[in-house]
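One is the number of the first residue; the rest follow in order along the sequence.
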Amino acid sequence: WNHQKLRYESLKRAKEYLEKSIEIDPNFALAYVTLAEIHISINKLLGDNVVRLLNRENARKLVDIAFELDDSLAEAYITKGNIVGKFDWDWNNMRENAKKALLIDPNNAQAHHILSNYYIVKGQYKKAIKEAQVALNLDPLNPEIGSLVAECYYIAGDSKESIVKYNDVLKLTPHYGFALHGIGYSFLSERSPEKAMNAWKELQKIMQNDSLLWYYENKSFEDGLNYYIEKAKINTPQFCTNPTVISSIDMLLDKPDDALEFLEIAHKYKNEDLPIMLAYPIFYPLHDNPRFNNIVRKVGVIFPN
């Protein structure tokens with residue numbers, strides 16, 4: 001919690017500085033793009049899904065202002081691509097923005113990151129891995145992109161290679177939470193719940209979530225998952241910050257109806273993790289479920305034949 005609070009305060013200060021820079025120079029296009037990214041980053045630390053929706057619209061408006069001032073910024077196309085993809089589910093528009101960014105900056109790793117996400121959503125996993133690897137080659141020390149490569153392998157059904165790639169990230173950045181989170185799913189695909197639990201223990205240490213850590217260390221893995229679910233579901237849907245994660249844990253606990261309920265909450269509030277997570281193998285048992293397929297259709301996700 002303290003870690004999250006410190007990050008939130010840092011983002012707030014960055015937001016204030018960017019707003020001041022725009023006051024000084026209202027024609028500074030890159031400041032609008034960066035401020036839009038701050039709005040999106042702050043969203044990851046907020047608990048109110050209605051406020052998150054408002055922040056996304058603010059980010060969209062800021063990027064539009066940046067384009068009016070200067071339409072030659074690769075960064076603007078990257079931010080716009082993420083907004084129209086993850087929040088509007090306009091995947092072709094997302095791809096076009098990534099391509100425009102690459103025309104301006106051929107070595108832009110984030111543009112290849114966007115294209116990787118596009119191919120995941122379109123069910124073209126080999127292309128997704130290729131684009132993610134290109135992004136990593138361009139930015140080899142970036143743990144987010146390294147985790148993307150690992151996530152692509154997990155989605156493609158190669159959990160062994162996914163574990164290798166996540167471990168590559170953790171060797172460079174031992175406390176990178178997204179890698180610890182993701183490798184847990186890959187270990188579970190390999191039927192190694194103890195290794196998954198150890199990874200998630202480390203994650204709880206980083207997040208300073210002492211109560212959940214106690215369950216992982218003193219109770220069974222299932223007890224820990226049940227405790228997490230109990231606490232995560234206390235809030236109303238509007239204040240549910242991790243509906244996709246909750247739904248995946250429900251799948252681990254063999255509660256598909258509960259999982260569907262939280263996928264529908266994620267859909268309602270346009271949770272940015274939803275499109276990619278729908279492709280996670282953990283949801284394979286729902287592929288014949290009409291409620292699941294209704295969400296998949298609305299989001300525009302395609303699964304390989």
Side-chain angles (χ1 to χ4, degrees), residues 1-11 14 37-38 40-46 78 82 86 108-110 112-114 116-117 120 128-129 131-156 158-190 192-210 212-213 216-217 221 224-225 228 232 241-242 244-246 248-249 271-277 279-282:
W1 185 85
N2 288 333
H3 172 76
Q4 297 285 76
K5 184 178 179 182
L6 286 171
R7 189 175 169 212
Y8 178 72
E9 291 301 322
S10 296
L11 288 169
E37 289 289 345
I38 292 292
I40 293 169
S41 295
I42 284 176
N43 263 3
K44 296 175 183 177
L45 304 174
L46 295 179
I78 295 298
N82 277 319
K86 292 180 179 179
N108 191 299
Q110 289 301 321
H112 290 286
H113 188 159
I114 288 176
S116 179
N117 285 339
I120 289 173
I129 291 169
E131 290 292 344
Q133 190 60 58
V134 170
L136 187 60
N137 292 343
L138 292 167
D139 193 358
L141 300 181
N142 188 325
E144 179 186 5
I145 295 176
S147 295
L148 171 68
V149 175
E151 184 179 44
C152 285
Y153 277 107
Y154 167 68
I155 289 170
D158 190 346
S159 50
K160 283 187 173 64
E161 188 63 20
S162 174
I163 290 166
V164 171
K165 298 300 184 183
Y166 275 125
N167 277 325
D168 288 344
V169 174
L170 292 168
K171 285 173 189 173
L172 291 171
T173 318
H175 302 300
Y176 190 63
F178 289 108
L180 289 167
H181 177 74
I183 200 171
Y185 288 101
S186 298
F187 279 134
L188 289 171
S189 286
E190 288 295 299
S192 299
E194 288 186 4
K195 290 182 179 179
M197 184 167 66
N198 287 335
W200 288 350
K201 277 182 189 176
E202 290 302 311
L203 178 60
Q204 300 317 312
K205 288 178 185 176
I206 293 166
M207 297 178 69
Q208 298 181 331
N209 191 344
D210 294 335
L212 181 53
L213 178 61
Y216 281 149
E217 289 182 335
F221 187 39
L225 297 180
Y228 170 83
T241 56
N242 294 303
T244 51
V245 175
I246 291 171
S248 69
I249 301 301
N271 180 276
E272 65 182 273
D273 298 325
L274 177 63
I276 301 300
M277 282 198 71
Y280 271 31
I282 202 165

Checklist entry - Any chance the side chains of Glu151 and Tyr280 put a donor and an acceptor closer than 3.5 Å? => result yes
Checklist entry - Quick check: does any side chain N or O of Asn167 sit under 3.5 Å from a backbone N or O of Ile163, one acting as donor and the other as acceptor? => result yes
Item to check | Pairing residues for Tyr185 by the side-chain hydrogen bond (donor to acceptor under 3.5 Å, both in side chains) criterion, not counting sequence neighbours | outcome: Ser248
Checklist entry - Is there a donor in the side chain of Asn198 and an acceptor in the side chain of Glu202, or the other way round, less than 3.5 Å apart? => result no
Next on the checklist: One pair to check against side chain to side chain contact (heavy atoms under 4.5 Å, CB included): Tyr153 and Ser159. What are the steps and the verdict?
Outcome noted: CA-CA 6 Å; Tyr153 277 107; Ser159 50; over 6 Å; no
Checklist outcome for this item: Separation between CG (Leu148) and CD (Gln133), nearest 0.5 Å, reads 10.0 Å
Checklist entry - Val149 and Ala132: which non-hydrogen atoms are nearest, and at how many Å? => result CG2-O, 3.5 Å
Checklist entry - Do you know which two heavy atoms are closest between Leu170 and Ala179, and how far apart they sit? => result CD2-CB, 3.7 Å
Item to check | Qualifying residue, where the test is side chain to side chain contact (heavy atoms under 4.5 Å, CB included) with Leu136 and the options are Asn142, Ile145, Leu141 | outcome: Ile145
Checklist entry - Is there a donor in the side chain of Ser186 and an acceptor in the side chain of Ser162, or the other way round, less than 3.5 Å apart? => result yes
Next on the checklist: Are the side chains of Ile246 and Tyr228 in contact, using a 4.5 Å heavy-atom criterion?
Outcome noted: yes
Checklist entry - Is any side-chain heavy atom of Ile114 less than 4.5 Å from a side-chain heavy atom of Asn117? => result no
Checklist entry - How long is the gap from CD1 on Ile40 to CG on Leu11, to the nearest 0.5 Å? => result 12.0 Å
Checklist entry - How many angstroms lie between atom CG of Asn82 and atom CD of Gln110, to the nearest 0.5 angstrom? => result 7.5 Å
Checklist entry - To the nearest 0.5 Å, what is the distance between CG (Asn43) and CG (Asn271)? => result 10.0 Å
Next on the checklist: Minimum heavy-atom separation for His112 and Leu138, please, with both atom names.
Outcome noted: CD2-CD1, 3.6 Å
Item to check | Distance, nearest 0.5 Å, that separates NE2 of His113 from CD of Glu144 | outcome: 5.0 Å
Checklist entry - Distance from Tyr176 atom OH to Ile183 atom CD1, nearest 0.5 Å? => result 14.0 Å
Item to check | Other residues, nucleotides, ligands: >12 heavy atoms within 6.0 Å of Lys201 NZ | outcome: yes
Next on the checklist: Set out, in order, the CA-CA distance, both residues' side-chain angles and the distance that settles side chain to side chain contact (heavy atoms under 4.5 Å, CB included) for Val245 and His181, then state yes or no.
Outcome noted: CA-CA 10 Å; Val245 175; His181 177 74; 4.1 Å; yes
Next on the checklist: Please give me the minimum heavy-atom distance between Gly184 and Trp200, naming the atom from each residue.
Outcome noted: CA-NE1, 3.5 Å
Next on the checklist: Which heavy atom of Leu212 sits nearest to which heavy atom of Gly224, and what is that distance?
Outcome noted: CD1-O, 3.4 Å
Checklist entry - Is it true that atom CZ of Phe178 has more than 12 heavy atoms of other residues, nucleotides or ligands lying nearer than 6.0 Å? => result no
Checklist entry - Looking at Ala279 and Ile120, what are the two nearest heavy atoms and their distance? => result CB-CG2, 4.2 Å
Next on the checklist: Checking Asn209 against Leu203 for the side chain to side chain contact (heavy atoms under 4.5 Å, CB included) test, could you report, in this order, the C-alpha distance in whole Å, the side-chain angles of both residues, the deciding distance, and whether it holds?
Outcome noted: CA-CA 9 Å; Asn209 191 344; Leu203 178 60; over 6 Å; no
